[in-house]
Protein chains: 2
Amino acid sequence: MVKRVTSREVARAAGVSPALVSRVMTGKGHVAEATSARIREAAAALGWQHNALAASMVTGDAPLIAVVTARLEFDWRAQVLSRLLAAFEEMGVAPMMFYAAEEDRVAALIAETGRWQTRGVVVTAGDVDPGLAGSILRQGRFVAGLNRPVPAAGGYAVGTDNAAAGAQAAELLARAGRRRIAVLAGPPDSRAGGERARGFVGAASGASVVHTPGMTAADGAAAAEEWLALPPGSRPDGVFAANDMLAIGFIDGLRTAGVRVPDDVALIGFDNLPASSWAPYDLATFAQPVSLMVEGVLAHIDATRRPGGAGPAQGGMERLPATPILRSSLGLAAPEGEDSGERP
Amino acid sequence: MVKRVTSREVARAAGVSPALVSRVMTGKGHVAEATSARIREAAAALGWQHNALAASMVTGDAPLIAVVTARLEFDWRAQVLSRLLAAFEEMGVAPMMFYAAEEDRVAALIAETGRWQTRGVVVTAGDVDPGLAGSILRQGRFVAGLNRPVPAAGGYAVGTDNAAAGAQAAELLARAGRRRIAVLAGPPDSRAGGERARGFVGAASGASVVHTPGMTAADGAAAAEEWLALPPGSRPDGVFAANDMLAIGFIDGLRTAGVRVPDDVALIGFDNLPASSWAPYDLATFAQPVSLMVEGVLAHIDATRRPGGAGPAQGGMERLPATPILRSSLGLAAPEGEDSGERP
DNA sequence: GTGAAAGCGCTAACAT
DNA sequence: ATGTTAGCGCTTTCAC
């Protein structure tokens, strides 16, 4: 550790008091143009940087936001993070990451965020404990859940309307003339998968639910094996996969056995992965409202900084609609909306 | 902002001096078991959390590490980040993210990291300015570049040995009996693409270099158009794509025109994306040494914390070998190494 | 427009 | 084993 330059030294070099240096940095109070310039020069000459730690301590407000996250291989998480980080950068707040190796570490991580005087927490993984959220909220900090509820008064949560999308999937498959339909729901404990499946089943009586151990392409391929093992007469001819990975693995598995998509099985996935638009798949899917979710979070953060504080958001979760992307895997004769084919 | 609880209040509640509370938190100095317990109880009762900001200020060492990054859609970046964040979490240091919306913001971001008294900077995007790196290093902080050099004495850098992999790609295509070979190098200003292409060309005289505007599947498909536009006699029969996205788009483009892979064109990509192993592609590729890169960075950070400081690393970049993943797109009769097929 | 003085919440000698 | 005393580097009244 080398001796650090302090604002006092800058002040002395510029022939002013430390208070003036502070005023120049914070922009609060009036400083003569000439003095300000002299101070900046002195700072540059000494290589001084404004110490954010010290400043935060005395003001009691650190321009810090905590982001609780987990495996970034998940598409929506990486996307959402990219945009959140870009926005925070622009807002001039520094994001601190709290990475959960295991889902059950999330509560501990959320608690940790308080040690750094962060303005609040954005949670993109795991579950938000009501008591914990409440205590953070009571400190005047915010708690924002992405694709997960924040069950506490004053908490904010946005997410994809999975159930509505599920219902829409059922409707699309019906419109494509499919009668025996099924949903690949992912693991029984998958929140998103469960919601999508419930919406699907709710809109289509008689739909069957197939759980898979995970939500990878390999799990989709395994589901294809199961499909092939069914007596031909009872095989579903329309399938909604809770995500694109599952759908892609399912397609690959079916094709290996000579089954045709969409002729033999119509298919729709979820996530609008880049791969869904690739030639071998041309997979119909749903695009998550990533931009809107991020905007929602940013708007909430912004609201908590203003006089009135955040609005009346009371533990409910704002549900944003996913956008159906119609592609040939659905086997719809003539999609009324043109295939947008846009990337996520 | 609500009135915050301080260690002094905890001390009073526990009937001790503030110093003891500090000792319990830092674990330095001896505290009687009973006293320690009393203090912890008081803290819990008051809902007090140790203030990391204040502690860091007085010790002069904040357990903070800056990570400069950019678009997380890039596969290796998301992978590397996941592991780095997990490791930092385990080390008990908090990662602060500095997100570069544009490559040319990187220098400014690296400079910013000093304001938070971070122990050092891990750079995963853009270029590291030598002067800037030098001044950070002189402050006793570390600078670690991932897949980019840190041109300053004491800086550390690890990355994939792109040139060696390029050479190996050429060799593999030769072994597959290909004579007219080419490389899809990506944009002329792509560092990784350029290195891979140079290694390829260096190992195979007569190889042609094709630049593409970007490195997406769409760019690969456009390259396929170009390939098809060539007179049949002069079309390359072996292609090395600087990444899997490009390769996949190229395959899709060729197939649409009835060209067969590997019969008409043998192909090898780079990155070992999950998609490379999917049935329609079964794309030979190279896996980046992600784990080793991360380990290198962690070891360097660890070294900088010890007495001797970091080793003699002097601006050079540690080059780690990419692992070839042999798959059917290469058209090798009998791969001597079994297809590992492992995911990245 | 500028300076002096008093802390922010904690830790680190140095005492005891 | 515990308490006392100075600060860390900055911001903020309150004077002038």
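Only a predicted model underlies this, so the values are computations on that prediction, with no experimental measurement involved. Order of the sequence lines fixes the chain letters, A, B, ..., with proteins taken first and strands second; residue numbering starts at 1 for each chain.
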message = Measure CE/B/Met57 against P/C/dA12 and give the value in whole Å, please.
response = 12 Å
query = To the nearest angstrom, how far is B/Gln117 atom CD from C/dC10 atom P?
reply = 18 Å
inquiry  = Rounded to whole Å, how long is the line connecting atom CG of A/Leu53 with atom C1' of C/dG9?
reply    = 12 Å
request  = Quick one, give me the B/S/- string for nucleotides 10-16 of chain D, reading 5' to 3', where B means a protein heavy atom under 4.0 Å from the base and S means that only happens at the primed atoms, P, OP1 or OP2.
outcome  = BBBBB--
key: Whole angstrom value for the distance that separates P of C/dG3 from CD1 of A/Ile39   = 8 Å
message = As a quick check of understanding, evaluate side-chain hydrogen bond (donor to acceptor under 3.5 Å, both in side chains) for A/Gln117 and A/Ser56, giving each step before the final call.
response = CA-CA 9 Å; A/Gln117 318 295 108; A/Ser56 299; over 6 Å; no
note = Terminal axes of the helix from C/dG1-D/dC16 to C/dT16-D/dA1 (5 end pairs apiece), angle rounded to 10 degrees, sit apart by 30°
key: Separation of atom CD in B/Glu9 from atom P in C/dC8, rounded to whole Å   = 11 Å
ask   = Is the closest basic N to carboxylate O distance between A/Asp61 and A/Arg119 below 4.0 Å?
value = yes
inquiry  = Taking the basic N atoms (NZ, or NE/NH1/NH2) and the acidic carboxylate oxygens, is any pair closer than 4.0 Å for A/Arg115 and A/Glu112?
reply    = yes
task = Would you kindly give the CG-to-P distance between B/Asp61 and D/dC8, to the nearest whole Å?
result = 17 Å
ask   = In whole angstrom, what separates B/Arg12's CZ from D/dG3's P?
value = 14 Å
task = Specify the separation, in whole Å, of atom CD of A/Glu33 and atom P of C/dT2.
result = 11 Å
Main-chain N/O of B/Arg8 paired with B/Thr6 side-chain donor or acceptor, under 3.5 Å = yes
query = From A/Phe98 CZ over to A/Thr69 OG1, what is the distance, rounded to the nearest 0.5 angstrom?
reply = 12.0 Å
inquiry  = Under 4.0 Å between a side-chain nitrogen and a carboxylate oxygen: does that hold for B/Glu102 and B/Arg105?
reply    = no
Please report, to 0.1 Å, the donor-acceptor pairs under 3.5 Å made by any side chain of residues 20-27 of chain A, with sequence neighbours excluded.
from: A/Thr26; atom 1: OG1; to: A/Ser22; atom 2: O; distance (Å): 3.0
from: A/Thr26; atom 1: OG1; to: A/Lys28; atom 2: N; distance (Å): 3.2

note = So CZ of B/Arg71 and CG of A/Leu85: to nearest 0.5 Å the spacing works out to 13.5 Å
query = Is A/Arg319 paired with A/Glu195 through a side-chain N to carboxylate O contact shorter than 4.0 Å?
reply = yes
